[in-house]
Each structure stands twice: as structure tokens, then as C-alpha cells.
Amino acid sequence: MDWGLGESAASALTRRAEARIGGLDVTESVCPFCAVGCGQLVYTRGGELVDIEGNPRSPISQGTLCPKGASSRQLVQQPGRLTKVKYRRSGASEWEELELEQAMDMIAERVIAARENGWQDADRHGWRVDRTLGFAHLGGATLDNEENYVIKKLFAAMGAIQIENQARI
């Protein structure tokens, strides 16, 4: 007697079923968020992202992921993700779509103007500082480590000294 645990316990459909990740390519990776270094398994089929989950072999996270790490697939596949530049002109009530090149030019012009308008050659004591107080950056863990690192380097290269974020870079 198998007490309902043997061959008769599984339906024909269950016996034909495969694992959710059966036949997928798997790549070990590291979560792109906060720099803890949690391991991820990235599953793809034909180069297309199918799933991301925690890597149980990771000595850091042992297969667990925080809410941001667990939702990292949405970074590229969330259906509501904006894929076009939206801009709302000063005083306007509606958003308009801009070409990426036009938006980038507008940002560059504003950064250059803010840098020039806030530039200091020397501080109040006469010491040479070569810096700008015209803009600052406040980042966070919604950006991944690589983005925060590049932003830090970029703002420092432009002379900014007010750069802060919660990522560990």
C-alpha cells in the first residue's frame, strides 16, 4: 500500500510538467543595488531575460534577496517603464516628448550654466579651491552602484563638492 504517496498520487499532467526553469540558460551574477554583493541567478532563453532569483550558493545572501534585488528584473521589463524622454516646460501643465539628443543638449547647457554661475576660484580666506557650488548631487540606492560611482566621478570632475548618496562606493 502506498498511502496515496506513490505513482497514483500524481496526475498525468503533473508527471508531464517540467521545472519552472527547465531548459533555461542560467548565469550567476551579483545584484546591482546596494554593494552588499548578494548573488543572483539570471535565467534567459535565447538571450531574453526570463527570471532572476537569489543564488543559494552565495556566501553573502544564501539565496535571499531584498525587495529591490528581488524586483531587479523590472529594471528592464516593467511594462510601465518610460522609454521616451518626457519634458514639462516651465509653467506648462502637459508633458511633451523630446528627442533624446535635444534633451541631452538641454541638460548639458543647464549644467554648464550652473557650473559657471556658481564657480569659485578662491574661498573667503583667499585659498585656491577651483570648485562650483552651483549644483549638487543627492543619489541613493534606487540607482545601482555603478551608476552612483560614475555620477560621483562625473560631478567631482566638474568641480562639484556637494555630492552625497547612500550607496557604498
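FYI, side chains are in, hydrogens and waters are out, and symmetry mates aren't considered; it's all heavy atoms of this structure.
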Open item on the list: Suppose we screen for side chain to side chain contact (heavy atoms under 4.5 Å, CB included). Which residues come up paired with Ala160, at least two apart in sequence or across chains?
Closed with: Thr132, Phe135, Phe155, Ile163

TODO: List for me each residue that meets side chain to side chain contact (heavy atoms under 4.5 Å, CB included) alongside Ala103, sequence neighbours excluded, and say none if there are none.
DONE: Val85, Leu98

On a heavy-atom basis, which atom in [X] and which in [Y] lie closest, and how many Å separate them?
| X | Y | value |
| --- | --- | --- |
| Trp119 | Met158 | CZ3-O, 3.8 Å |
| Arg88 | Trp95 | N-CE3, 3.5 Å |
| Gln78 | Arg81 | OE1-N, 2.9 Å |
| Asp130 | Arg128 | OD2-NE, 2.6 Å |

TODO: Please say whether more than 12 non-hydrogen atoms of neighbouring residues, nucleotides or ligands are located less than 6.0 Å from CE in Met106.
DONE: yes

Open item on the list: A quick test of your reading: do over 12 heavy atoms of other residues, nucleotides or ligands sit less than 6.0 Å from CD of Glu96?
Closed with: yes

TODO: Look at the side chain of Arg115 and the backbone N and O of Gly134, then say whether any donor-acceptor pair between them is shorter than 3.5 Å.
DONE: no

Open item on the list: Main chain of Ser61, side chain of Ser58: is a donor-acceptor contact present, judged purely on distance under 3.5 Å?
Closed with: yes

Open item on the list: Please identify which of these residues, Glu116, Glu109, Arg110, meets the side chain to side chain contact (heavy atoms under 4.5 Å, CB included) condition with Ile112.
Closed with: Glu116

Side-chain donor-acceptor pairs under 3.5 Å in residues 34-49, sequence neighbours left out?
unit_1: Gln40; atom_1: NE2; unit_2: Gly69; atom_2: O; d: 3.1
unit_1: Gln40; atom_1: NE2; unit_2: Ser72; atom_2: OG; d: 3.0
unit_1: Tyr43; atom_1: OH; unit_2: Glu53; atom_2: OE2; d: 3.3

